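All residue numbers refer to positions in the sequence shown, counting from 1. All values reported here derive from a predicted model rather than from experimental measurement.
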Amino acid sequence: MVERPVAPTAPELVLETETGFTVMSPGREYRVGRDPLSDVVLDDDRVSWHHAVLRAGVGHWTIEDENSTNGTYADGHRVHAWDVGPGSVIRFGSPSDGPRAVLTGRAPERAPERLSGVHRPASTGTFRQPTSVRPLPERTVRIGRAADNDLVIDDLIVSRHHAELRARPDGTYEIADLGSHNGTYLNGLPVDRARITPGDIVGVGHSAFCLVGDQLQEYVDTGEISLDVQELSVAVDQGRKRLVDKVTFPVGEKCLLAVVGPSGAGKSTLLNALTGQRPADTGTVLYDGRDLYHDYAELRQRIGLVPQDDILHTQLTVHRALTYAAELRFPQDTAKAERRARVDEVIRELGLEQRARQPIHSLSGGQRKRVSVALELLTKPSLLFLDEPTSGLDPGMDRSVMHMLRGLADDGRTVIVVTHSVLSLDVCDRLLVLAPGGRTAYYGPPGDALAFFGFEQWPEAFEAFDQDLDRDWAGEYHDSPFHRQYVEAAMDRPYLPELEPLAGEPPPKPPKPQSRTAQLGTLVRRYAAVLSADRVFLAIMIALPFVLGGMTRALAGGRLDRETSLNALLILCVGAVLTGAANAVRELVKERVIHRRERAVGLSRSAYLMSKVVVLGIVTVLQAVVLTLVALVGVDLGAPGGEGVLMPPLVEITIAVALLAFTAMMLGLVVSALVRKEEVTMPLLVLLAIAQVVFCGTLLRVDGVPGLEQAAWLVPSRWAFAAMAGTIDLVRIAPEGDDPLFEHTAGVWLLDLGMLLVLSAACGFAVARLLRRQEPAVMRKQR
């Protein structure tokens, strides 16, 4: 293809996609497609191999579709050729959820500074004076926590050997991640290896590096950061109902902000938007000048979130729970002594030394909340959010918790607390009051709020919010001196222009965990410790197989014959199902809040699920073996010639019962992932057991009955009972039990067991999908 002449007046642009940045100079064309040789590679089946091309024109750029199958879209319309420039948003393959590219102006080749009314690329941020300055290296510089690095970062979320800054032969530089635990970032996006230019920001832990002239400047996030919220809105029902409506406020350094308002005013929705759990539809959240949604992958480690419910396993002691949390959040190469030292430091900071060896469930409500805060402080977050931390506490505990938060802010953090309590607002620096509809009714010093509303007591104000629906609370505040002083003047720059809706476009995903195996090992040990600490549950798990096995033995007598075989095998099936499902049916729903929070800071979904499968699987199989041995050891199983299909009859029946119990356990995990409340699991467990009895093929004949036979294929007990029936040749013992799946042949027996494995795998897949659906949108692309 002949190169087209390019006018020198075309601007240099930056094309941002989910996978990174491309700086486009007007001297050449830039091809977009699935072809790995494209300038911009989009790995999506809806994108054609050669999809589109970007060309510079006279003073502008044009995108031209190359007859792609699914089209190129700008402003929601399919285009063939379209002029684009800074601010243009392009989608490829689908107008709603196809891969997205955004064009921005070229970042200035200087150190990042505060935005000043102009919407520059979201990667630029707020940094003060550099912590350190050194000449640009002429060789490779290794960055990490270990003392043998060229550039040592004393930060536990940084790996020992984290990344390398490499000088290239052409005089430029590149950053390369060395398989770090928490990732390396370029302008807020995770990278494995990428070229860097002056003005780019390289993020490693709490540190950022920037090339400025002939210097490498380091900026360390010490916790003294600001948060600017601008025109934040969240809507549901396709935009017809707003839960948060154009909320704007600044939060300064070391500030303690309380968010209050009547029920339904959007406090929790605002919290989710501020933390990135549910990004707002429109508006901007600036973490010290950096777009939180754009840079969420990097900044998530600097944000602590304490939900209303406990995010710790209450069976563990304080020290043990925090130790497991440190293992999951810190790099795998962190020494045990380093983790222990950080855990002890946090325990001292929150005054929990006397409670360190005490089980969490035995603590008071205020002390449990301190432990939840301690967990979040392990990684030294600069921004700490708390949702209803004083809910259910008496006034004394309420004030104690609020004073604790005051101390955390004074130590160099920005703390935002959502609360219904108004008892201790005086310890806060700022108060945000939301009116019904999620609009700002007041933002300013807590002591001036009641006078502003014209009331003497908070109950009067909250009652007015609910009853005086015609009063324009937000309008009154917007026109008041409080808004001019505490919002407009405090934000020291004009509002950014309203961004396009973010709905359906989650922030860039964080990097995948570097070691799921290490996470799995920690999760398995933690889960085993939790189960062993629950003495009642442990006693039930031990006793259940002996009780059910004894019942089966009483029915079997000394021999499985025509009268006893059906009942004995049926009780074995019911016992295995109850044992397996009962073990698992509560395990996911009761940990949902914990899992959701841990996922947001990098826990692998597959490692979490596998930890449940491994621990519960071992326990369940052992129970099934005990159940079978108690029931059938010494019993004449009546197999032809005393032999099973492939192995001794007792071994074959034990395998069938163990596989049935394991499959029932997986089915229990499906139920646990599906329900919203723990109380619902017990009725579903009973229904599950009844279904196994009805469809196993003994009480009700299912073979040859259209519809019923196909439905029975999905019932694990159908296949386990058939395998056991084949082992003892039930058709020979009780001819009325004739069923093709009961045949005493190797092929049929292996089919029965194989179907149990297939059902187990299908349940595992279903659980993974259900767990994904319950997670924050930003985590859903990560395993």
Ignoring hydrogens, what is the shortest heavy-atom contact between L384 and L408? Give both atom names and the distance.
CD2-CD1, 3.9 Å

Residues forming a side chain to side chain donor-acceptor pair (under 3.5 Å) with S364, sequence neighbours excluded
Q367

What distance separates F209 CZ from I143 CD1, expressed to the nearest 0.5 Å?
5.0 Å

What pairs of residues pass the salt bridge (charged side-chain N to carboxylate O under 4.0 Å, His left out) test when at least one of them lies in residues 153-163, not counting sequence neighbours?
none

Do L299 and L383 come within less than 4.5 Å of each other through their side chains, counting heavy atoms only?
no

Begin with the C-alpha distance, continue with both residues' side-chain angles, and end with the deciding distance and a verdict on side-chain contact (heavy atoms from CB on, under 4.5 Å) for L189 and H294.
CA-CA 8 Å; L189 297 178; H294 182 280; 4.2 Å; yes

Taking only residues two or more places apart in sequence, or in another chain, which ones meet R166 in a side chain to side chain donor-acceptor pair (under 3.5 Å)?
E164

Within the structure provided, determine whether L316 and R526 are in side-chain contact (heavy-atom separation under 4.5 Å).
yes

Less than 3.5 Å apart, any donor N or O on the side chain of N182 or H162 sitting next to an acceptor on the other?
no

List the steps and the verdict of side-chain contact (heavy atoms from CB on, under 4.5 Å) for H319 and D344.
CA-CA 8 Å; H319 194 278; D344 292 340; 3.0 Å; yes

side-chain hydrogen bond (donor to acceptor under 3.5 Å, both in side chains) for E388 and H420? Distances and angles first, verdict last.
CA-CA 7 Å; E388 301 288 354; H420 276 102; 2.6 Å; yes

Side-chain donor/acceptor of Y293 to backbone N/O of A280, under 3.5 Å:
yes

Can you pull the side-chain hydrogen bond (donor to acceptor under 3.5 Å, both in side chains) pairs that have at least one residue in residues 580-591, sequence neighbours excluded?
H313-E591, Y527-E587, N583-T620, N583-Q623, R586-E678, E587-K590, E591-Y608, E591-K612

Salt bridge (Lys or Arg N to Asp or Glu O under 4.0 Å) partners for R368, two or more places apart:
D310

Verdict with supporting geometry, I618 and L622, side-chain contact (heavy atoms from CB on, under 4.5 Å):
CA-CA 6 Å; I618 292 174; L622 289 176; 4.0 Å; yes

Just one of L257, L274, D387 clears the side chain to side chain contact (heavy atoms under 4.5 Å, CB included) bar with V418, so which one?
D387

Minimum heavy-atom separation for M397 and G366, please, with both atom names.
SD-CA, 3.9 Å

Without swapping roles, check the side chain of S672 against the backbone of L588 for a donor-acceptor pair under 3.5 Å.
yes

Side-chain donor-acceptor pair under 3.5 Å between S421 and T419, yes or no?
no

Residues forming a side-chain contact (heavy atoms from CB on, under 4.5 Å) with D429, sequence neighbours excluded
C255, L256, R406

Salt bridge (Lys or Arg N to Asp or Glu O under 4.0 Å) partners for D150, two or more places apart:
R139

Please find the pair of heavy atoms, one from V285 and one from A273, that lie closest to each other, and give the distance.
CG2-O, 4.3 Å

Do R142 and D148 pass the salt bridge (charged side-chain N to carboxylate O under 4.0 Å, His left out) test, and can you show the C-alpha distance, the side-chain angles, and the key distance before you say yes or no?
CA-CA 9 Å; R142 192 168 60 187; D148 61 351; 3.7 Å; yes

Is the backbone of A607 close enough, under 3.5 Å, to the side chain of Q519 for a donor and an acceptor to pair up by distance?
no

Checking side-chain hydrogen bond (donor to acceptor under 3.5 Å, both in side chains) for the pair T317/R357: CA distance, chi angles, key distance, verdict?
CA-CA 5 Å; T317 65; R357 306 299 172 183; 5.6 Å; no

Which atom pair, heavy atoms only, marks the closest approach of I347 to A356?
CD1-CB, 4.2 Å

Main chain of L286, side chain of D291: is a donor-acceptor contact present, judged purely on distance under 3.5 Å?
no

Under the salt bridge (Lys or Arg N to Asp or Glu O under 4.0 Å) test, residues paired with K267 that sit two or more places apart
none

Checking R355 side chain against V318 main chain: does a donor-acceptor pair fall under 3.5 Å?
no

Side-chain donor or acceptor of N149 paired with backbone N/O of V152 under 3.5 Å:
no

Are I157 and F330 close enough that some pair of their side-chain heavy atoms sits under 4.5 Å apart?
yes

Can you pull the salt bridge (charged side-chain N to carboxylate O under 4.0 Å, His left out) pairs that have at least one residue in residues 323-332, sequence neighbours excluded?
E327-R525, R329-E376

How about D200 and Y173: does a side-chain donor come under 3.5 Å of a side-chain acceptor?
no

Measuring from atom OG of S372 to atom CG of L322, what distance do you get when rounded to the nearest 0.5 angstrom?
9.5 Å

Quick one: pull up OG1 in T275 and CZ in R300 and give me the separation to the nearest 0.5 Å.
13.5 Å

Closest non-hydrogen contact found for H161 with A146 is NE2-CB, 4.0 Å

List the residues meeting salt bridge (Lys or Arg N to Asp or Glu O under 4.0 Å) with R370, not counting sequence neighbours, and say none if there are none.
none

Measuring from atom CG of L669 to atom CG of L771, what distance do you get when rounded to the nearest 0.5 angstrom?
9.0 Å

Go through the structure and list residues passing side chain to side chain donor-acceptor pair (under 3.5 Å) with E298, not counting sequence neighbours.
R290, R302

When rounded to the nearest 0.5 angstrom, what is the spacing between CG in L292 and CG in L227?
7.5 Å

Please check: side-chain N/O of K380 versus main-chain N/O of T222, any donor-acceptor pairing under 3.5 Å?
no

Rounded distance [0.5 Å steps], CD1 in I225 versus CZ in R413
12.0 Å

Using atom types as modelled and distance alone, determine if a side-chain donor or acceptor of T414 lies under 3.5 Å from a backbone N or O of S226.
no

Between L312 and L375, which heavy-atom pair has the shortest distance, and what is it?
CD2-CD1, 2.9 Å

Ion pair present between R342 and E345, side-chain N to carboxylate O less than 4.0 angstrom?
yes

Candidate pair I416 and L432, rule side-chain contact (heavy atoms from CB on, under 4.5 Å), full reasoning:
CA-CA 10 Å; I416 298 177; L432 172 65; over 6 Å; no

Mind checking whether R145 and P331 have side chains closer than 4.5 Å, heavy atoms only?
yes

Does S362 have any side chain to side chain donor-acceptor pair (under 3.5 Å) partners at least two apart in sequence or in another chain, and if so, which?
Q358

